[in-house]
Amino acid sequence: MLGLNYTSVSEFILIGFSTFPRHLLPVFFLLFLLMYLFTLLGNLLIMATVWSECSLHTPMYLFLCALSISEILYTFAIIPRMLADLLSTNRSISFMACASQMFFSFTFGFTHSFLLTVMGYDRYVAICHPLRYNVLMGLRGCTCLVTWSWAGGLVVGLVVTSAIFHLTFCGLNEVHHFLCHVPPLLKLACGNNVPGVALGVGIVCITALLGCFLLILLSYTFIVAAILRIPSAEGRHKAFSTCASHLTVVVVHYGFASVIYLKPKGLYSEEGNSLMAITYTVLTPFLSPIIFSLRNKELKIAIKKTFLSKLYPSSI
């Protein structure tokens with residue numbers, strides 16, 4: 001699919017957890033397993049609630065379902081393999097499996113970023129142009145935005161993965177990470193084209209992430225200006241409450257991403273780098289369904305109505 005250039009390296013060894021004390025690995029395994037299961041169940045609960053509750057069949061919740069799908073697929077591309085390595089002494093991964101993991105993690109990760117941007121645009125239209133909302137955010141428009149978000153993630157995944165795995169790998173095959181990530185793989189590559197590939201991949205990723213962030217920032221600049229023009233405090237609170245969960249997820253998403261990708265080189269040890277990467281690959285997806293469930297009043301009421309009322313009818 002990617003036209004990969006097979007070299008003398010037929011497999012890699014993921015040694016991201018090899019420097020941690022062995023007695024801590026089962027603890028990490030149990031913790032990350034519980035967080036992963038909660039992430040899956042939380043996102044599935046959101047999707048099931050939106051599907052079963054007719055009042056949530058709106059563009060905002062369509063985008064939320066698409067976001068939940070991207071989050072499930074993103075974590076599935078990374079965490080099961082990570083959990084297996086925590087309990088295994090054989091942490092080797094084949095060349096093709098490594099390429100596949102990088103492709104899917106970048107595809108679903110950037111799809112997630114593009115969908116967050118689309119959700120910001122949705123809130124901008126709803127608050128700043130409410131009379132045109134049904135026209136601009138109709139079924140066709142929403143479908144196009146979701147489709148382009150997935151297509152954008154697919155393009156980034158293809159570009160990054162094909163660029164990295166067309167390099168020649170020589171010497172050691174030990175990847176100082178718990179997944180097939182770009183920086184540790186670049187350290188294993190050799191040839192005159194490595195700096196150029198590293199620069200190109202960096203430009204693609206930074207441009208995509210920074211572009212998404214700036215578009216979200218622009219949307220919220222107009223949103224805040226529109227909210228401040230609302231005369232009543234109740235009206236301002238109601239308008240802002242529709243954005244609170246999305247804005248919180250954006251802050252968490254880009255906050256952890258900036259700590260990982262914008263930190264100075266050599267600031268953390270290898271153990272520190274692995275732990276910082278875990279915040280983005282495990283903790284951020286874990287927090288996302290919690291934030292959307294607790295800070296979105298409509299969704300919280302719908303979850304109670306759809307599921308909790310069947311389990312505890314007397315408490316609802």
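By convention here, the first residue in the shown sequence is residue 1.
- Note: F165 and F103 fail the aromatic proximity criterion, with ring centroids not under 6.0 Å apart.
- Chaining together hydrophobic side chains whose heavy atoms lie under 4.5 Å apart places L30 alongside L34.
- A donor-acceptor contact under 3.5 angstrom links the side chains of H253 and S113, judged on distance only.
- Among residue pairs with one or both ends in residues 46-135, those qualifying as disulfide bond (SG atoms under 2.5 Å apart) are C98-C180; sequence neighbours excluded.
- With hydrogens and angles left out, the side-chain atoms of E234 and S232 include no donor and acceptor closer than 3.5 Å.
- R123 places no side-chain N or O within donor-acceptor distance of the main-chain N or O of I223, the cut-off being under 3.5 Å.
- In terms of the ring-ring contact (aromatic ring centres under 6.0 Å, His included) criterion, Y133 has no residue partners (sequence neighbours excluded).
- Counting Ile, Leu, Val, Met, Phe, Trp and Tyr side chains that sit under 4.5 Å apart, directly or through other members, L199 shares a hydrophobic cluster with I203.
- Through direct or relayed side-chain contacts under 4.5 Å between Ile, Leu, Val, Met, Phe, Trp and Tyr, L228 connects to V224.
- Looking at H129, its side chain never comes within 3.5 Å of a backbone N or O of V125 through a donor-acceptor pair.
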### Message
Evaluate F178 against R91 for side-chain contact (heavy atoms from CB on, under 4.5 Å), listing each step before the verdict.
### Response
CA-CA 9 Å; F178 57 83; R91 299 189 175 99; over 6 Å; no
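- Side-chain atoms of N90 and S88 include no donor-acceptor pair closer than 3.5 Å.
- A continuous path of hydrophobic side-chain contacts links I291 to F38 [ILVMFWY only; heavy atoms under 4.5 Å].
- The list of ring-ring contact (aromatic ring centres under 6.0 Å, His included) pairs with a residue in residues 193-228, not counting sequence neighbours, reads Y124-F222, F213-Y254, Y220-H246.
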### Task
Would you check, one step at a time, whether the test side-chain contact (heavy atoms from CB on, under 4.5 Å) holds for M82 with L179?
CA-CA 7 Å; M82 183 185 73; L179 75 154; over 6 Å; no
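- Note: F169 and F12 meet the aromatic proximity criterion, with ring centroids under 6.0 Å apart.
- The side chain to side chain contact (heavy atoms under 4.5 Å, CB included) with S68 is formed by just one residue from the set L40, L45, I46; it is I46.
- At distances below 3.5 Å, not a single donor-acceptor pair connects side-chain atoms of T161 with backbone N or O atoms of L158.
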